[in-house]
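Throughout, protein chains are lettered first and strands after them, A, B, ... in sequence-line order, and every chain is numbered starting at 1.
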Amino acid sequence: MIRNLRENDRELLASIAEHRILTSKQVTAIHRRSNQVIRRHLRKLEQQGLVLSATTGFGRKRGRPEKLISLTEKGANMVRAENPELKSLSTNHFTGENIRCLDHHLLTNWFRIHLDHIQIVIPQLSVDFLSPASPFQEKALDGQPLVSERLPAEPGTEPTNGFTPDGVFQITHKEKQKTILFFLEVDMGTESVASPKRDPRDIRQKILNYQLYFRRGQYRRYEKTWNCTLKGFRLLFLAHTNGRLASICRLVQDMPPSDFIWLTTADLMFSEGLSAAIWIRAGKQTAPPESILGPAMACKAPMPEPAE
DNA sequence: GGTGAGTCTCGTGGGGCTAG
DNA sequence: CTAGCCCCACGAGACTCACC
């Protein structure tokens, strides 16, 4: 056991476990420190055998590739020791080992980081994000994460197996005690938009699932999680390119009712922030974009560049 | 010990040049 | 015209030193 671990290091390990795998820039953004300080801490943790680093091709651009950080078995043991309720989880629930699509996972991380930034920019708001990948996420008896949704088939409808969003979150206005529920789907263009074979993973089927989920009011189960009243939810699509955004917009427009579906691109998230009017509602690209916070709270607030 | 500034090193992509 | 090579710019990481 490593005894000289400081509070900072414990927080670093916990955040790496929570996200499973992060780029060093993401660690910097989460902890709001300078790049240099975070790199130093991570180097130290790597020397202690608690984290593992590899290089990434994420967002391929000029220059030296960024490091990817995840926990080692020793690091996972450390987090388990700090959180006895996680004792029964195997090591691969804490590490990046089973992450299937790395770029998708890293873009989801960026969404979470930008989402967290909202409550710093607008202190009246609080945000809580549930990730299906997090080891801290309460698991059901069958080992499925809490945010995994079931859709039992009704007579006369096509059977579905349910679905797992890339994230579920709520934004609450603390003074008004008003909560809005959101489901997140991050799209890297790996799934077909509407396959002729009706692939259960294509975007069309996802939208059908959410429409059924909405009609049945199954989202109300989150009222218990967050102790609030919910009048519906919004489904957010984060597309990795403009072309992909356009094709999903066309599909969404063809599939009413779709007013609860909002779409944007990764570029807009990075350049303007999630609180800005960057969201296309119901796939209508000709209409002016809106903010998911509503017109009164809409604000352009990109993440500041961390100090070197 | 922790942090920031300055500087160097390293890996990668882009663009220009040249031989075939 | 194109493949292959080389050089340069860029960006991330590492190192040193000074300061608190």
Item to check | d(CG, A:Leu12; P, B:dG2) in whole Å | outcome: 12 Å

Checklist outcome for this item: The side chain to side chain donor-acceptor pair (under 3.5 Å) partners of A:Ser90 (sequence neighbours excluded) come to A:Asn92, A:His93

Next on the checklist: Taking atom types as they are modelled, would you say the side chain of A:Arg40 forms a donor-acceptor pair with the base of B:dG4 within the 3.5 Å cutoff?
Outcome noted: yes

Item to check | Modelled atom types, side-chain donor and acceptor of A:Gln119 and A:Ser126, under 3.5 Å | outcome: no

Next on the checklist: Between C1' on C:dC10 and NZ on A:Lys25, what's the gap in Å once rounded to a whole number?
Outcome noted: 12 Å

Checklist entry - A:Tyr210 vs A:Tyr213 aromatic rings, parallel, tilted or perpendicular, using cut-offs 30° and 60°? => result perpendicular

Checklist entry - Within this structure, what is the NE2-to-C1' distance between A:His41 and C:dA14, rounded to whole angstrom? => result 16 Å

Checklist entry - A:Leu42 CG to C:dA12 P: how many Å, rounded? => result 15 Å

Checklist entry - Where the side chain of A:Glu66 is concerned, which of C:dG13, B:dG4, B:dA5 is the nearest nucleotide? => result C:dG13

Checklist entry - Are the side chain of A:Thr72 and the backbone of A:Gly49 linked by a donor-acceptor contact shorter than 3.5 Å? => result yes

Item to check | Atom-to-atom span, CZ of A:Arg43 to C1' of C:dT16 - whole angstrom | outcome: 12 Å

Checklist entry - Do A:Arg112 and A:Asn109 have side-chain atoms, one donor and one acceptor, less than 3.5 Å apart? => result no

Checklist entry - Phosphate oxygens OP1/OP2 of C:dG13: is one of them under 4.0 Å from a side-chain N or O of A:Ser24? => result yes

Checklist entry - Do A:Thr190 and A:His104 have side-chain N/O donor and acceptor atoms under 3.5 Å apart? => result no

Checklist entry - Rounded to whole angstrom units, what separation is found between the CZ atom of A:Arg39 and the C1' atom of B:dC10? => result 13 Å

Are there any protein N/O atoms within less than 3.5 Å of an N/O atom in nucleotides 18-20 of chain C, and if so, which ones and at what distance?
none

Checklist entry - Under 30°, 30 to 60°, or over 60°: which ring-plane class applies to A:Phe111 and A:Phe129, parallel, tilted or perpendicular? => result tilted

Next on the checklist: I want to check one thing: is the phosphate of C:dG13, taken as OP1 and OP2, less than 4.0 Å away from some side-chain N or O of A:Lys67?
Outcome noted: no

Item to check | Nucleotide nearest A:Ser34 when distance is taken to its side chain, options C:dA14, B:dA5, B:dG4 | outcome: B:dG4

Next on the checklist: I need the CD1-C1' distance between A:Ile69 and C:dA12, as an integer number of Å.
Outcome noted: 12 Å

Checklist outcome for this item: Whole-Å distance, A:Gln47 CD to C:dG13 P, equals 15 Å

